[in-house]
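Inspection log for the structure reproduced underneath, given as structure tokens.
Excluded from the calculations below are hydrogen atoms, water molecules and symmetry mates; all remaining heavy atoms, backbone and side chain alike, are included. Owing to the predicted nature of the structure, the values given are computational and were not obtained by experimental measurement. Lettering follows sequence order; numbering is per chain, from 1.
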Amino acid sequence: MLERIRRRRYRNYSDLYFIEETVRKGILAIMPAFNEENNISSVLADIHTIAPDIDVLVVDDGSKDKTRIVARENGAYVLRLSINMGYGAALQAGYKYALKNKYNAIVQLDADGQHDPADIPTMLEKLNNDHVDVVIGSRFMEKKTYKGPLGRRLVIGMFRLIAKIITGKTITDPTSGYQVLNSRAVNFLKDSMPTDFPDTDTIILLLLSGFTIGEIPAHMRPRSSGTPMVTGFRSIYYLYKISLSILVTLLRRNKKQ
Amino acid sequence: MSWQSKLFVLFAGIFLILLVLELVRRRKIREEYSVLWILTAITMFALAWWEGLLLFFTHLIGAVMNSSTIFFFGITFLGAICLHFSIKISQLTNQVKELAQEVAILRAEIEESGGKPPIAGEQK
């Protein structure tokens with residue numbers, strides 16, 4: 001009986017036992033995606049045209065549509081989370097994947113196409129030349145590039161001020177999800193990442209822990225379809241959550257890197 | 001405290017203890033989750049049984065009615081139970097997240113190495 005089970009398992013999992021440790025290195029673009037089958041192919045095509053030598057990983061956060069199939073057809077690696085766990089958890093899964101495959105740096109961007117992949121080469125250049133650990137694609141470095149709702153701009157302004165007061169450094173767009181991180185920063189964030197979404201709190205944590213952050217002006221494109229992440233009631237929760245998260249980040253003892 | 005309310009609280013305490021014990025026996029509650037419930041029941045029972053203790057606590061918290069003391073302790077313990085649950089739920093959420101991520105990475109590795117991921121429960 002035991003022998004039979006063992007043999008069956010061996011047959012079913014045989015591929016698992018012979019996985020070769022592939023060392024990929026290079027750059028990995030991570031895109032958490034939730035029900036983005038309509039947007040994802042054009043974003044993947046754009047990344048491939050602009051930066052053909054970087055790998056792309058789509059983290060399908062429990063989508064109910066064909067996100068993962070479309071992504072795979074367009075040449076991306078796919079991580080499929082069985083349950084919808086939120087943006088932060090999806091991103092964290094991507095971090096773990098990147099570390100496991102020994103990538104040198106990661107680019108994180110939204111799958112809805114709002115983050116223009118045209119900025120990726122500039123960000124990677126900044127990471128290399130300025131020897132920083134993180135590069136943020138900022139919506140506010142060039143005037144008039146971003147015309148979001150007034151409320152949102154006010155909130156971002158407030159968080160910018162809070163980050164400035166706490167860390168003494170000016171980060172023009174601490175809420176931007178468009179970032180490039182080297183493996184050191186990824187390894188650090190892998191364990192201390194908020195599940196719902198990383199934001200100003202993560203930036204403050206990185207700065208307090210001794211990481212260096214640079215910024216480049218990024219260009220936002222209007223989203224083609226789908227719904228934005230933070231709207232209505234959730235924006236109040238967003239405000240509360242990030243403020244609380246910043247507070248407890250300060251109350252925790254942060255290890256210097 | 002009137003003998004009716006005393007009797008009522010005593011019976012409520014006994015009922016709660018028996019209920020929790022039965023649930024543990026049927027493995028509907030794990031032992032670790034029964035602790036706070038049993039403590040709640042014992043406290044209610046002790047306060048109703050031992051008049052002196054009840055009077056002492058009533059005086060201590062400045063309550064007018066003896067029954068308020070019993071309710072106060074009941075609510076305090078229920079609050080503790082809720083907090084305990086919040087902690088446990090957060091832990092469970094984290095564990096589920098870790099598992100989902102690990103499964104996703106394993107599945108990706110199998111797919112990338114050319115094999116087909118085994119479907120759970122599939123008999124061959």
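- Once rounded to the nearest 0.5 Å, the distance linking NZ of A/Lys96 with CD of B/Glu98 reads 3.5 Å.
- With a 6.0 Å radius and a threshold of 12 heavy atoms from other residues, nucleotides or ligands, B/Phe8 has its CZ atom at or below the threshold.
- Applying the 6.0 Å contact sphere to CD of B/Glu102 captures no more than 12 heavy atoms from other residues, nucleotides or ligands.
- By a heavy-atom distance cut of under 4.5 Å, A/Arg72, A/Tyr77, A/Val78, A/Leu79, A/Arg80, A/Leu81, A/Ser82, A/Ile83, A/Met85 are the residues of residues 64-85 of chain A near chain B, going up by number.
- Interface check for chain B: of the options A/Ala89, A/Gly86, A/Gly62, A/Gly94, the most heavy-atom pairs under 4.5 Å are formed by A/Ala89.
- With a 6.0 Å radius and a threshold of 12 heavy atoms from other residues, nucleotides or ligands, B/Phe15 has its CZ atom at or below the threshold.
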